[in-house]
Peer 1: 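Got a structure here, written out as C-alpha cells. Questions coming.
All chains are named by letter (A, B, ...) in the order of the sequence lines, taking the proteins before the strands, and each is independently numbered beginning at 1.
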Amino acid sequence: MATKYSIPRGTYDILPDISYRRIYVEQMFYKIAATFNFKQIVTPIFERSDVFERSVGDTSDIVQKEMYRFTDKKGRKFALRPEGTASVVRSYVENNLGMAGGATRLCYSGPMFRYDRPQKGRYRQFYQYGVEYLGSDDPMVDAEIIALGHRYLTALGLKNFKLEINSIGSANCAKDYDAALVDYFTPHLDAMCRDCRQRIDKNPKRLLDCKVASCKAIAKDAPNMLEYLDDDCKTHFTAVQRYLAQMGIPFSVNPTIVRGLDYYNKTAFEFIDTNLGAQNTLIGGGRYNGLVAQFGGKDVPGIGFAGGFERLMLSMETEGCFFGEEPRPQIYFVALGNAAKVAAAGILYRLRSQGISAEYNVEKTSMKAQMKAADKSGAKGVLILGDDELKDNVVVLKWLETGKQKRIKIDNIAEELHPE
RNA sequence: GUGGCUGUAGCUCAGUUGGUUAGAGUACAAGAUUGUGGCUCUUGGAGUCGGGGGUUCGAAUCCCCUCAGCCACCCCA
C-alpha cells in the first residue's frame with residue numbers, strides 16, 4: 001500500500017477553490033504599487049547565507065534560529081530567504097541599478113521561510129509582498145512609502161487597522177540611547193523577568209517591548225527614545241509626520257516600536273490589525289540607510305516595508321472584504337450522444353480560441369446530469385447539442401439565470417454571447 | 001525552543017460509566033413516465049476513529065510515545 005504523505009509543518013496548500021483570492025490580493029498589490037511607479041523585481045528564493053547574516057544581523061532571532069540553511073554539492077552555504085530586503089539590496093548593488101539615475105522603486109512578492117513555531121498568522125513558508133525605495137533620505141519618501149502601505153490596505157477594503165510610527169534614530173544616537181537604557185534598567189533588574197535580564201546586554205531596546213506586567217511597569221518610566229534623537233533624526237521624524245498629516249493619513253507615535261532586524265534606523269512603522277490575535281502586524285517597515293554600503297555599493301539610503309499575505313487575508317475575512325470574483329465558465333456544453341460529443345470538441349476549441357471560457361463533462365452522459373453539472377459550475381449559459389440540432393447545424397443556447405432558451409446557428413455562437 | 005487545548009466520512013460535528021456491523025447534517029453519485037439545472041423525496045458509495053505501542057475477554061473511549069492543528073510565550077509578516 002502506498003504511503004500517504006502529509007504537508008510539512010507550518011506550510012499549507014492554496015487549494016483551487018480559493019486560489020482566485022490570492023490572485024486578487026496580489027494583483028491589487030502590484031496595481032497600487034504601479035500607481036506609485038514601483039516596478040517588480042524577482043530574486044531567487046535562496047541566497048548565500050551571509051547575505052542574510054550580515055544584513056538582518058547575526059544576533060537576531062531570524063538568523064540565530066529561524067533560517068533554513070543548506071549546503072550544495074560544492075560546499076557553498078546557502079539559506080532560504082527569511083525576508084526580502086537583503087536579496088533586493090544584493091541585486092541592486094550587483095546590477096548597479098542606481099546607475100540609472102534618480103531613485104529606484106522596487107516591489108516584489110513571493111515565499112519566505114522561517115523555522116518558527118506555527119500558529120495563526122505565522123507559517124514556516126509564508127508569502128510576503130514588499131517595496132523598497134533606494135536613493136533618498138528625504139522624509140517625504142518615508143511618508144510616501146507609508147502612504148503606499150495605507151493605500152493598499154484601504155484598497156482591499158480594510159478598516160480595522162492602525163498605523164504606528166517611531167524613530168529609532170541613527171547609529172550615533174542609538175548608542176547614546178542604549179547606554180541610557182542600560183543605566184535606567186540595571187538597578188531594576190532584580191524585579192524583571194529572566195528574558196529581560198538576558199536581553200539587556202544584547203539589545204536593551206527589547207526591554208521596552210516586554211509583555212510581563214512587572215517589566216511593563218518599569219519600562220513605562222524608561223527614557224524615551226525620541227528624546228535621544230540627534231538633530232538630524234529629530235527634524236527628519238517631525239517632517240515625516242508633517243507629510244503624513246498633509247496626506248490625511250492617521251497615525252500615532254509609538255516609542256516602543258522596535259523592529260527586530262538590525263539594519264533599520266530612523267523611521268520605523270507598523271500597520272497593526274486591531275482585531276487579529278497575537279500575530280497582528282500586517283505590515284512592518286522602516287528606513288535602512290547604510291545597508292547598501294554594507295553590501296559593497298555606494299552609501300545609498302533606502303526605506304521599505306513588507307507584509308504577509310496570510311494575515312492580510314485573515315484580516316479581510318474577519319472584516320468581510322471583497323476577494324474578487326470567483327472564476328466560472330461563460331458557457332457549459334451539454335452534448336447528447338456520440339456524434340454531438342465529437343462535434344462539441346470542435347465547437348469548444350473554437351469558442352476558447354475566441355476567448356470564451358467553456359466547460360463540459362465527458363463523464364456524464366444523461367442530460368439531467370450534465371445540466372446539474374452546468375448549474376454547479378456557475379456558468380452563465382448552456383449550449384445544448386443533440387441529434388436534432390446537429391442535423392440543422394444549430395445549438396440550443398439556454399441562459400441559466402432566466403431559463404430562457406433559443407436555437408442559434410453554430411457559426412453564430414460567439415456573436416450571440418457578445419451581442420455588442 | 002516552552003506551556004495549555006484539540007485531532008471521528010471531502011467539510012461541520014455526535015458517540016452515554018470501555019461492549020458487538022461507528023452515526024447525523026452537509027457535500028458527492030444514481031433515480032422519481034428515459035432532451036432541460038436550482039426546490040423536494042428515495043436510494044447508494046464513502047471513515048487506517050491522526051499514527052505507533054500498551055492495559056483489557058473487548059478500546060474511538062483508559063495509559064505512554066509520536067505527528068499535526070489551534071492558543072499563548074517568543075519572534076515577527
Side-chain angles (χ1 to χ4, degrees), chain A residues 1-12 15 17 56 60-66 81-85 109-130 149 193-196 198-199 203 206 209-212 257-261 264 268 270-273 276-286 305-315 332 334-337 340 363-390 395-405:
Chain A
M1 176 148 168
T3 48
K4 270 190 184 174
Y5 292 105
S6 57
I7 196 165
R9 182 164 202 206
T11 67
Y12 62 98
L15 299 176
D17 57 332
V56 173
S60 69
D61 283 15
I62 290 179
V63 168
Q64 276 198 329
K65 46 190 188 189
E66 294 175 7
R81 61 183 182 193
E83 61 103 44
T85 302
S109 65
M112 304 294 166
F113 305 85
R114 289 183 202 171
Y115 190 89
D116 226 346
R117 182 95 172 236
Q119 76 185 68
K120 200 178 195 75
R122 186 167 76 185
Y123 301 89
R124 289 183 172 178
Q125 174 170 343
F126 58 106
Y127 297 83
Q128 278 192 334
Y129 53 92
C193 71
R194 188 158 33 93
D195 285 342
C196 281
Q198 283 172 355
R199 276 189 297 224
N203 189 351
R206 292 269 186 81
D209 235 8
C210 190
K211 307 287 191 301
V212 177
I257 289 183
V258 182
R259 312 246 69 241
L261 287 65
Y264 284 116
E270 288 179 2
F271 286 93
I272 295 162
D273 187 275
L276 236 46
Q279 309 302 324
N280 63 356
T281 305
L282 249 25
I283 291 177
F305 71 65
F309 282 123
E310 292 83 3
R311 289 178 196 177
L312 198 58
M313 294 177 75
L314 278 173
S315 188
Y332 203 98
V334 173
L336 302 165
E363 300 302 323
K364 297 180 198 291
T365 51
S366 81
M367 177 152 203
K368 193 185 186 78
Q370 291 188 66
M371 285 300 291
K372 270 191 171 178
D375 190 57
K376 210 177 60 181
S377 77
K380 294 189 191 76
V382 174
L383 294 176
I384 303 167
L385 183 65
D387 291 338
D388 294 351
E389 290 79 13
L390 210 48
V395 294
V396 171
L397 169 61
K398 174 166 184 168
W399 297 107
L400 284 177
E401 277 173 36
T402 60
K404 285 181 183 162
Q405 65 180 61

Peer 1: May I ask you to test the Thr11(A)-Phe126(A) pair for a side-chain heavy-atom distance under 4.5 Å?
Peer 2: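 No, side chains not in contact.
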Peer 1: Determine the contact category for Gly378(A): base if any of its heavy atoms lies under 4.0 Å from a base atom, sugar-phosphate if only primed atoms, P, OP1 or OP2 are that close, otherwise nothing.
Peer 2: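 Touches nothing.
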Peer 1: Could you tell me the separation between the CD atom of Glu310(A) and the C1' atom of C76(B), rounded to a whole number of Å?
Peer 2: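 Taking atom C1' of C76(B) as the reference, CD of Glu310(A) is at 13 Å.
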Peer 1: When you compare the protein's N or O atoms with those of nucleotides 26-31 of chain B, which come within less than 3.5 Å of each other, and at what distance?
Peer 2:
unit_1: A29(B); atom_1: OP1; unit_2: Lys364(A); atom_2: NZ; d: 3.1

Peer 1: Using a 4.0 Å heavy-atom cut-off, does Leu312(A) contact any base of the nucleic acid, only the sugar-phosphate backbone, or nothing at all?
Peer 2: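 Since no nucleic acid heavy atom lies under 4.0 Å of Leu312(A), the category is nothing.
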Peer 1: Over all strands shown, is Tyr129(A) touching base, sugar-phosphate only, or nothing at heavy-atom distances under 4.0 angstrom?
Peer 2: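 Counting heavy atoms under 4.0 Å across all strands, no contact is made by Tyr129(A).
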Peer 1: Give none if C73(B) has no partner; otherwise give the nucleotide forming a Watson-Crick or G-U wobble pair with it, both distances under 3.5 Å.
Peer 2: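 Result: G1(B).
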Peer 1: Any strand is fair game: report the nucleotide pairing with G7(B) by Watson-Crick or G-U wobble, both distances under 3.5 Å, or none.
Peer 2: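 Its partner is C67(B).
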Peer 1: Looking at C75(B), C76(B), G37(B), which one has an atom nearest to any side-chain atom of Leu261(A)?
Peer 2: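 Side chain of Leu261(A) sits closest to C76(B).
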Peer 1: Under a 3.5 Å limit for both distances, which nucleotide forms a Watson-Crick or G-U wobble pair with G37(B), could you say?
Peer 2: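 Across all strands, not a single nucleotide pairs with G37(B).
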Peer 1: For the side chain of Arg122(A) and the base of C74(B), is some donor closer than 3.5 Å to an acceptor across the two?
Peer 2: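 Side chain to base: pair present.
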Peer 1: Round to a whole Å and report the spacing from CZ of Phe305(A) to C1' of A77(B).
Peer 2: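 The answer, rounded to whole Å, is 12 Å.
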Peer 1: Could you tell me the separation between the CD atom of Gln125(A) and the P atom of A77(B), rounded to a whole number of Å?
Peer 2: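 So the two atoms are 17 Å apart, to the nearest Å.
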Peer 1: Only pairs with both distances under 3.5 Å count, Watson-Crick or wobble alike; so what is the partner of A29(B) in this structure?
Peer 2: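 Partner of A29(B): U43(B).
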Peer 1: Calculate the interatomic distance between Glu270(A) atom CD and A77(B) atom P; express it in whole Å.
Peer 2: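 Interatomic distance, CD of Glu270(A) to P of A77(B): 8 Å.
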Peer 1: Can you measure Asp388(A) atom CG to G35(B) atom P for me and round it to whole angstrom units?
Peer 2: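 It is 11 Å, rounded to the nearest whole Å.
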Peer 1: Using a 4.0 Å heavy-atom cut-off, does Ile7(A) contact any base of the nucleic acid, only the sugar-phosphate backbone, or nothing at all?
Peer 2: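 Contact class for Ile7(A): none.
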Peer 1: Would you state whether a donor and an acceptor, one from the side chain of Arg117(A) and one from the base of C70(B), lie under 3.5 Å apart?
Peer 2: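 Answer no: no donor N or O sits under 3.5 Å from an acceptor.
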Peer 1: Nearest-Å distance, CE (Met367(A)) to P (G38(B))?
Peer 2: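 Nearest whole value for this atom pair: 13 Å.
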Peer 1: Quick check: any donor-acceptor pair below 3.5 Å linking the side-chain of Glu389(A) to the base of G35(B)?
Peer 2: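 Result: at least one qualifying N/O pair found.
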Peer 1: Expressed in angstrom and rounded to an integer, what is the separation of Leu397(A) atom CG from G35(B) atom P?
Peer 2: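 The answer, rounded to whole Å, is 21 Å.
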Peer 1: Going by modelled atom types, is there a donor-acceptor pair between the base of U36(B) and the side chain of Gln405(A) at under 3.5 Å?
Peer 2: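 Side chain to base: pair found, below 3.5 Å.
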Peer 1: Say we look at C39(B) and U26(B): how far apart would their P atoms be, to the nearest angstrom?
Peer 2: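 Going atom to atom, P in each nucleotide, I get 11 Å.
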Peer 1: What nucleic acid atoms does Gly130(A) come within less than 4.0 Å of, heavy atoms only: base, sugar-phosphate, or nothing?
Peer 2: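 Gly130(A): no heavy atom of the nucleic acid under 4.0 Å.
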Peer 1: Taking 4.0 Å as the cut-off, does a side-chain nitrogen or oxygen of Gln119(A) come that near to OP1 or OP2 on A72(B)?
Peer 2: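 Indeed, a polar side-chain atom of Gln119(A) lies that close.
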Peer 1: With a 4.5 Å heavy-atom cut-off, do Arg122(A) and Glu310(A) have their side chains touching?
Peer 2: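 No, every pair of side-chain atoms sits at 4.5 Å or beyond.
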Peer 1: Cation-pi between Arg124(A) and Tyr115(A): NZ/CZ under 6.0 Å from ring centre and within 45° of the ring axis?
Peer 2: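 Yes.
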Peer 1: Examine G69(B): is either OP1 or OP2 under 4.0 Å from a nitrogen or oxygen in the side chain of Arg9(A)? Give yes or no.
Peer 2: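 Answer is yes, contact under 4.0 Å.
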Peer 1: Name the closest nucleotide to the Gln279(A) side chain, picking from A77(B), G38(B), C75(B).
Peer 2: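 The nucleotide sitting nearest to the side chain is C75(B).
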Peer 1: Now, which nucleotide makes the Watson-Crick or G-U wobble pair with C57(B), with each of the two distances under 3.5 Å?
Peer 2: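 WC or wobble partner is G19(B).
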Peer 1: Which whole number of Å gives the distance between the C1' atom of C13(B) and that of A22(B)?
Peer 2: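 C13(B) and A22(B) have their C1' atoms separated by 14 Å.
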Peer 1: Could you tell me whether Ala374(A) contacts a base, only the sugar-phosphate backbone, or nothing, with contacts defined as non-hydrogen atoms closer than 4.0 Å?
Peer 2: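 Ala374(A): no heavy atom of the nucleic acid under 4.0 Å.
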Peer 1: Rounded to whole Å, please give me the gap between CG in Asn280(A) and C1' in C75(B).
Peer 2: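 From Asn280(A) CG to C75(B) C1': 12 Å.
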Peer 1: What are the two closest heavy atoms between Ala373(A) and Tyr332(A), and how far apart are they?
Peer 2: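 Residues Ala373(A) and Tyr332(A), closest heavy atoms: CB-OH, 3.4 Å.
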